[in-house]
Amino acid sequence: MSNNNIISLFETILDKSSILKGEDLKSRFYHIWKTDIPLESICLLLPKNTNQVSSILKICNNYNQEVIIHGGLTNLVGATKSSDNQVVISLEKMKNIIEIDEKGKTVTCESGVIIEDIINAVKDKDLLLPLNFGARGSAQIGGAVSTNAGGLRVFKYGMTRNLVMGLEVVLPDGTIISSLKKLMKDNSGYDLKQFFIGSEGTLGIVTKVVLRLYQHPKTRYTALAVTNDYKKVLDLLRFMEDKISKNLTAFELLWNDTYKQMISDKTIYNKYLPDNYKYYVFIEFMGGDFENDYDTFEKAIMNAVDHQLVEDAVVGKDEKEQLNIWGIREDVAVLAEEKKFDQQFDISIPVAQIGEVIDKTILELKNCQGVETIFPFGHVADGNIHFIIGKDSDNDELKSKINEIIYTNTELVQGSISAEHGIGLDKKKYLIKSRSKDEIELMKLIKKAIDPKNILNPGRVF
Ligand SMILES: Cc1cc2nc3c(=O)[nH]c(=O)nc-3n(C[C@H](O)[C@H](O)[C@H](O)COP(=O)(O)OP(=O)(O)OC[C@H]3O[C@@H](n4cnc5c(N)ncnc54)[C@H](O)[C@@H]3O)c2cc1C
């Protein structure tokens, strides 16, 4: 079918302002960091409700039309790239928060709602959505569900998967599967929602979500501690778990070069501790006792210094300091701005082996011609380390060399090539380093059963 004919079919479902084509596509893009590259697509569709999504997919399925799904466009694996023979569906107009159930501690919303908007809306009711990562101001909840996003509080609250209670999804043939239940426990047959969480839009379009919420903490404090010994990072983690257990909400790590870059004159962050240590640990405390929490946290941190678990430490005294300390860890987009060309990684490594694996990887990267900056950081308590690597060109050979170094070192310790960002287009070639052939065959079988014509996000994952 010609482009014009398929667009005329979409015109029977959507109003004109919800179908962007031709010149209109020039102001659209496939990633928030690539706003200078116009979108390639037959057209971009902006459905306003689940029935419209279903009708669009019925047409696409009938005519074997490939579809690429756009959420907040913050993924780091090339997942939202499209070509001029594909239709793009963006969920951005489906942005209603449908219900906040204060008693049951749940929120039900459409999939195009920006994560930060949900966080703010439930905070007004004294509730917490613990999803927290640097892109939360742009990423949508449908994108987070489809990528099973992680972030800075996985250690305490788990990945997005742990927060999803119910889901509404449209299958590639247009069938609407709606299970917006608010149940913690439901073993009545297969837990179908799990197919769609983390499958990167290859099995269905998420249209509505029910999320689990928590009581909003009354206090939040942050601290920074330094050491030169990775073993002490792990000792500190155990010590903090012992001293402040349920209040410990994040335990994050920056390596020396990353810390230096985050406090350089290119950022707004102050230096609280000298920049000559190997490891910088960022600790978050959240609690409910306004009177005593600060003292409890400060005492635990100072005890760690007294026990020589760390060389030095600082606790943010007021909100400005707390935000500054956390900004050094969180605002890592700064690291990607340093060089024109970069590569980003999010690997999983057994926690006890992180120190040695990252040392070896850094050494090999330093010997790789073309690599200019190496910034490791991550969610150390979850075994999830990120790398942002700046380089002198976008040359394919260099890209492959860097991938090989990182993924081979990951494979050697039975790690994963993706802890949280997913596979998208960029990591497909390396999936075999994390998953067995049989596992990948089973994934393909599931895809074939749900999307036999391979129209939805084709070519992603495998
Ligand atoms: C500065 C920065 C920091 C980040 N930090 C983290 C982090 O700490 N942890 C983490 O996990 N990720 C992180 N990310 C990656 C990214 O933010 C997450 O993967 C996020 O969940 C993507 O959501 P999105 O709405 O932007 O989705 P998009 O980028 O638009 O899409 C991601 C994938 O999901 C699909 N998709 C989107 N919406 C839907 C839908 N409604 N139904 C079906 N499929 C859909 C897309 O087709 C694509 O395959 C970070 C990104 C940036 C830029």
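Ligands are counted one by one from 1 in listed order, and the atoms in each one are counted from 1 as well.
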Peer 1: Going by the order shown, which atoms of ligand 1 are within less than 4.0 Å of some heavy atom of S111?
Peer 2: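 Counting from 1, the qualifying ligand atoms are 41 (N).
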Peer 1: Which residues pass the side chain to side chain donor-acceptor pair (under 3.5 Å) test with H31, sequence neighbours left out?
Peer 2: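 Residues passing side chain to side chain donor-acceptor pair (under 3.5 Å) with H31: none at all.
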Peer 1: Tell me, yes or no, whether the heavy-atom count around Q215 atom CD, taken from other residues, nucleotides or ligands under 6.0 Å, exceeds 12.
Peer 2: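 For Q215, atom CD is crowded (more than 12 foreign heavy atoms under 6.0 Å).
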Peer 1: To which of G151, G143, S138, G78 does the heavy atom nearest atom 27 (O) of ligand 1 belong?
Peer 2: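 Closest candidate by heavy-atom distance is G143.
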Peer 1: Quick check on F196 - does any of its heavy atoms sit under 4.0 Å from an atom of ligand 1?
Peer 2: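 F196 does not count as a contact of ligand 1 under the 4.0 Å cut-off.
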Peer 1: For Q140, take its heavy atoms, then give the atoms of ligand 1 lying under 4.0 Å from any of them.
Peer 2: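 In order of numbering, the contacting atoms are 24 (P), 25 (O).
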Peer 1: Any nitrogen or oxygen of N148, side chain or backbone, less than 3.5 Å from one on ligand 1?
Peer 2: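 For ligand 1, there is no N or O atom that lies under 3.5 Å from one belonging to N148.
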Peer 1: What do you reckon, does A333 have a nitrogen or oxygen under 3.5 Å from a nitrogen or oxygen of ligand 1?
Peer 2: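 Among all N and O atoms of A333, none is under 3.5 Å from an N or O of ligand 1.
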Peer 1: For T373 and D257, does a side-chain donor sit closer than 3.5 Å to a side-chain acceptor?
Peer 2: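 Looking only at side-chain atoms, D257 and T373 do not form any donor-acceptor pair under 3.5 Å.
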Peer 1: Would E200 count as a contact of ligand 1 if the rule is a heavy atom under 4.0 Å away?
Peer 2: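 Per 4.0 Å heavy-atom rule, E200 contacts ligand 1.
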Peer 1: Among Y279, F387, Y280, F377, exactly one meets ring-ring contact (aromatic ring centres under 6.0 Å, His included) together with W255. Which residue is that?
Peer 2: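 Only one of Y279, F387, Y280, F377 forms a ring-ring contact (aromatic ring centres under 6.0 Å, His included) with W255, namely Y279.
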Peer 1: Can you confirm, on distance only, whether ligand 1 has an N/O atom lying under 3.5 Å from any N/O atom belonging to T74?
Peer 2: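 Indeed, backbone or side chain, T74 has an N or O that close.
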Peer 1: Counting both backbone and side chain atoms, is some N or O of L73 under 3.5 Å from an N or O of ligand 1?
Peer 2: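 Looking only at distances, the answer is yes, because the N/O contact criterion of under 3.5 Å is met.
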Peer 1: Keeping to residues at least two apart or across chains, list the side chain to side chain donor-acceptor pair (under 3.5 Å) pairs with something in residues 113-124.
Peer 2: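 Residue pairs passing side chain to side chain donor-acceptor pair (under 3.5 Å), neighbours aside: E116-R136.
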